[in-house]
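All values below were derived from every heavy atom in this structure, side-chain atoms included, with hydrogens, water molecules and symmetry-related copies excluded.
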Amino acid sequence: MRGYDSRGVKIMVDNVTHDFNSGLFDATLIDPSLISKAYVHKGSSSVQHGSGAMGGVISLKTLSASEVLEPEQRLGGRLFSGINRNDHGYYAGGTLLGRSDSVDALFSYSQRKKYLVSSIESVPFDNQEKIHNWMFKTVWMANPAYHVGLQLREYRNDGLSLRQPALINTQKNMFKNTPTERHAHQRDILINQIFKPENRFQWEAEWDIYYTDLSLNQLDLVKAQKKPTEYGNERRNQYTYGSKFSNHFTLPVSNWAFSRIQSGIEHYQQAQTSNEYAISYPPTELSNTSGWLNNDFTFAHIPVTLSAGTRFTQYHVNREGFAKNKHTNWSSRVAISATPTHWLSLHSSYAEGYRTPRMAELYNNSLHFSTPFSGSSIFKTSPDLKPETNKTAEAGLKLSFDDFVVTGDTLSFGSTYFHTKARNYIAMNSQYKRKIGPDLYYVWFPETIYYINVPSATITGFDSFVHYQSQWFDLSFNHNLTTAKEDLENHALSSIRPESLIIKFNAPVSNTGINVGWSGEFAARTKITGDSTHKLPDRKNSKDLDRYRREIFQQAGYGIHDFYINYQADQFVKGLNTTLTLKNAFDKEYVSSIGVPQEGRNVYWNVNYRW
């Protein structure tokens, strides 16, 4: 997003940080069946959301009983299930919902299973993944001015797959991609309180208290068989606990303007513990405290809103035997939006973002891999790593027209240009030695791997969209073009993606309850840049090298087509609907922009029943 990968995009679930920076593991463990809404905000957002919001924020909202039940309904539920052809996977689950005058509650359970693609080098094994998860959520509306909620979630993932699942053919790699048994178990607790007393300033507040316990275990089956006395199950735990208080109120300035003021404070701590075999995940602690203030100033008689805000953050990371890594940061944002006419809106902003170094980036000092002839490659600690920051300026417009072609239709389109200057960009670096490779040519071998701060990098691009909606069909286009490279060298940032266009079409078939749709995803050929500074003399090709002194191979562009048909069977069985989807309909063989093989043609079928 906006030139950043997962390290620069913040994930939040019910306003609580949900991406773990305490190791190489950074997944968000929550089942899609529990999500009711997903909000995406592009651009630097550290004033509103804190560390990690460099390229944007994805905010997920979980289901609540009041959203699913009809206005007068007291008790209800839903059942859902689905299968797909390629990996013989399935999912199934159900949700029970209920409410009274002052309490609503739900309990949801689901499970999934899928069979994964195995490596051509690995021995035959039951290559699969099983997921079980549940959520209990309740809200007590004690009175109109005070609500308190409790949420409990558990997620369990047990799998047997490749150590690096994204690599399918490992014959040309320096190390074996061996089968690995994995277990992930996450438990979440969230207490949410909302204060909404009647007052002339419309003051409201929200207070969250949260705790997460994530346990991760993995066992390399080949290594365990060959070295049973030297190697065992790699266990580690990651804990997060914290509290966040936020509030907002409206302050009339005069009869010509008013201010909406938002402020808050948050403190959270993370800790990572590991056993003697999980050497890539050192025991580490992190503490983060921040406070923010934002003011939206709106004119009463002029369609203009001015916004200004700032956040102060203090954090420290600590590992035994190393000096404490401690930093402070100020992030600010100013913006202006205007609506000169009902069909035109304009916006422009300047925002600052930051990201604290991850624990593994600071303190990992483990063995990366070992080869019979070239020797070993090891990680080295980078305790002096500085936080990564950026400054983003953007401007854009949106036009919307009602009754554009026929009565009742709408047409909207817009575009945003953004320019980001990144400072102290965190990137992996190595100390290399020239050695003979498997093809008997010289290669650069990374003897020591560590992280550095790249002084500066520049990211620019456009986000554009077109959306047309009528009673007959719905059609949308979303286009992105982003370029990103280091300023001192010609290296493209590893997170950059090629130019892309996504088209979606949906149309109801008269009053039958049937909807048909198509979506197309089109990506251009990659344009990764590098330099020839470290090109070896015996390499005769003209390819430049990337930051890791590897030859740059551009990935081809592709076009993928998906078709689906959805049937709402309310006229026969109220609450029943089913969807049949044909993914990658023309069985296109392609890889992602980072070289990961993607799925061929597949068929998905799911059924949902709600009462």
Are any of the side-chain heavy atoms of Asp474 and His467 separated by less than 4.5 Å?
yes
State the OG-OH distance between Ser243 and Tyr210, to the nearest 0.5 angstrom.
7.5 Å
With no hydrogens and no angle check, just 3.5 Å: does a side-chain donor-acceptor pair link Thr284 and Arg319?
no
In terms of heavy-atom contacts, does NZ of Lys583 have more than 12 from other residues, nucleotides or ligands at under 6.0 Å?
no
Verify whether one side chain among His267 and Thr289 offers a donor that lies under 3.5 Å from an acceptor in the other.
yes
Roughly how far apart are Asp14 CG and Thr62 OG1, rounded to 0.5 Å?
3.5 Å
Less than 4.5 Å apart, side chain to side chain, heavy atoms only: is that true for Thr180 and Lys223?
no
Classify the angle between the aromatic ring planes of Tyr146 and Phe195 as parallel (below 30°), tilted (30 to 60°) or perpendicular (above 60°).
tilted
Asp570 side chain to Gly575 main-chain N or O, any donor-acceptor pair under 3.5 Å?
yes
Beyond-backbone contact of Val9 with Val57, side-chain heavy atoms, under 4.5 angstrom
no
Validation row: Lys504, Ile502 side chains within 4.5 angstrom (heavy atoms)
yes
Does the pair Val40 and Met1 meet the rule for a side chain to side chain contact (heavy atoms under 4.5 Å, CB included), with working shown?
CA-CA 10 Å; Val40 178; Met1 185 186 296; 3.6 Å; yes
Can you see whether Asp188 engages Gln151 through a side-chain donor-acceptor pair at a distance of less than 3.5 angstrom?
no
Are Gln270 and Thr240 close enough, and set up right, to give a side chain to side chain donor-acceptor pair (under 3.5 Å), and what steps lead you there?
CA-CA 4 Å; Gln270 291 184 321; Thr240 300; 3.2 Å; yes
Closest approach of Leu75 and Gln73, non-hydrogen atoms and distance?
O-NE2, 2.9 Å
Is any side-chain heavy atom of Glu206 closer than 4.5 Å to a side-chain heavy atom of Asn192?
yes
d(Glu521 CD, His561 NE2) to nearest 0.5 Å is 10.5 Å
Which atoms form the tightest heavy-atom contact between Arg601 and Phe586, and what is the distance?
NH2-C, 3.9 Å
Atom of Asn237, atom of Ser215 and distance for their closest heavy-atom approach:
ND2-CB, 3.5 Å
Under the salt bridge (Lys or Arg N to Asp or Glu O under 4.0 Å) test, which residues partner Arg610, sequence neighbours left out?
Glu70
Angle class for the Trp518/Phe563 ring planes (parallel below 30°, perpendicular above 60°, tilted otherwise)?
tilted
Look at the side chain of Asn275 and the backbone N and O of Tyr277, then say whether any donor-acceptor pair between them is shorter than 3.5 Å.
yes
Can any side-chain N or O of Ser108 pair as donor or acceptor with the backbone N or O of Trp134 at less than 3.5 Å?
no
For residues Leu576 and Val607, determine if any side-chain heavy atom of one lies less than 4.5 Å from a side-chain heavy atom of the other.
yes
Heavy-atom check, side chain of Arg153 versus side chain of Leu34, under 4.5 Å:
yes
Short question: side chain of Tyr363, backbone of Val317 - any donor-acceptor pair under 3.5 Å?
yes
Short question: side chain of Tyr231, backbone of Asp220 - any donor-acceptor pair under 3.5 Å?
yes
Arg355 and Glu361: salt bridge (charged side-chain N to carboxylate O under 4.0 Å, His left out), yes or no, with the steps?
CA-CA 12 Å; Arg355 177 177 81 84; Glu361 293 171 336; 3.3 Å; yes
Applying salt bridge (charged side-chain N to carboxylate O under 4.0 Å, His left out) to Arg74 and Asp101, what does each step give before you reach the verdict?
CA-CA 9 Å; Arg74 294 288 187 174; Asp101 293 335; 2.7 Å; yes
Looking only at heavy atoms, what is the nearest atom pair of Lys137 and Ser64, with distance?
NZ-CB, 4.1 Å
Do Asn584 side-chain atoms and Glu599 backbone N/O form a donor-acceptor pair below 3.5 Å?
yes
What's the separation between atom CD in Gln568 and atom CG in Asn577, rounded to the nearest 0.5 Å?
4.5 Å
Looking only at non-hydrogen atoms, find the nearest pair between Ser36 and Leu63 and report the distance.
CB-CD2, 3.7 Å
Check the pair Arg99, Ser66 against side chain to side chain contact (heavy atoms under 4.5 Å, CB included), reporting the backbone distance first and the verdict last.
CA-CA 8 Å; Arg99 67 178 171 192; Ser66 58; 4.1 Å; yes
When the ring planes of Phe572 and Tyr567 are compared, do they come out parallel, tilted or perpendicular, using 30° and 60° as the limits?
tilted
Going by side chain to side chain donor-acceptor pair (under 3.5 Å), Ser45 matches just one of Lys42, His49, His41. Which one?
His41
Would Tyr354 and Thr313 count as a side chain to side chain donor-acceptor pair (under 3.5 Å) if you check the C-alpha gap in whole Å, the side-chain angles of each, and the deciding distance to 0.1 Å?
CA-CA 10 Å; Tyr354 77 99; Thr313 300; 2.7 Å; yes
State plainly whether the residues Lys130 and Asp158 are in salt-bridge range, i.e. N to O under 4.0 Å.
no
Test applied, side chain to side chain donor-acceptor pair (under 3.5 Å); reference residue, Tyr564; option that passes from Asn506, Thr581, Thr579:
Asn506
Hey, could you give me the CG/CG distance between Leu106 and Leu97, rounded to the nearest 0.5 Å?
5.5 Å
Donor-acceptor pair between Tyr558 and Glu589 side chains, under 3.5 angstrom:
no
Qualifying residue for side chain to side chain donor-acceptor pair (under 3.5 Å) with Glu154, from His185, His132, Gln186, Arg187:
His185
Donor-acceptor pair, Ser59 side chain versus Tyr39 backbone, under 3.5 Å?
no
For residues 507-516, tabulate all N or O donor-acceptor pairs below 3.5 Å that involve a side-chain atom, not counting sequence neighbours.
from	atom 1	to	atom 2	distance (Å)
Thr512	OG1	Val509	O	2.6
Thr512	OG1	Ile514	N	3.2

Ile503 vs Phe522, side chain to side chain contact (heavy atoms under 4.5 Å, CB included): CA-CA, chis, key distance, verdict:
CA-CA 9 Å; Ile503 307 175; Phe522 306 93; 4.0 Å; yes
Between the side chain of Asn602 and the main-chain N/O of Arg85, is any donor-acceptor distance below 3.5 Å?
yes
Treating Ser44 as the side-chain partner and Met54 as the backbone partner, does any N or O pair qualify as donor plus acceptor under 3.5 Å?
yes
Heavy-atom closest pair (Ala65 atom, Ala105 atom, distance to 0.1 Å) is CB-O, 3.5 Å
Considering only heavy atoms from C-beta outward, does the side chain of Leu221 approach that of Leu160 to under 4.5 Å?
yes
The test is side chain to side chain contact (heavy atoms under 4.5 Å, CB included); show your working for Thr482 and Arg2 and say whether it passes.
CA-CA 7 Å; Thr482 303; Arg2 292 288 179 88; 6.0 Å; no
Examine distances only and state if a side-chain atom of Lys574 and a backbone atom of Trp611 form a donor-acceptor pair shorter than 3.5 Å.
no
First locate atom CZ of Phe477, then atom CG of Leu501, and finally report the distance between them rounded to the nearest 0.5 Å.
7.5 Å
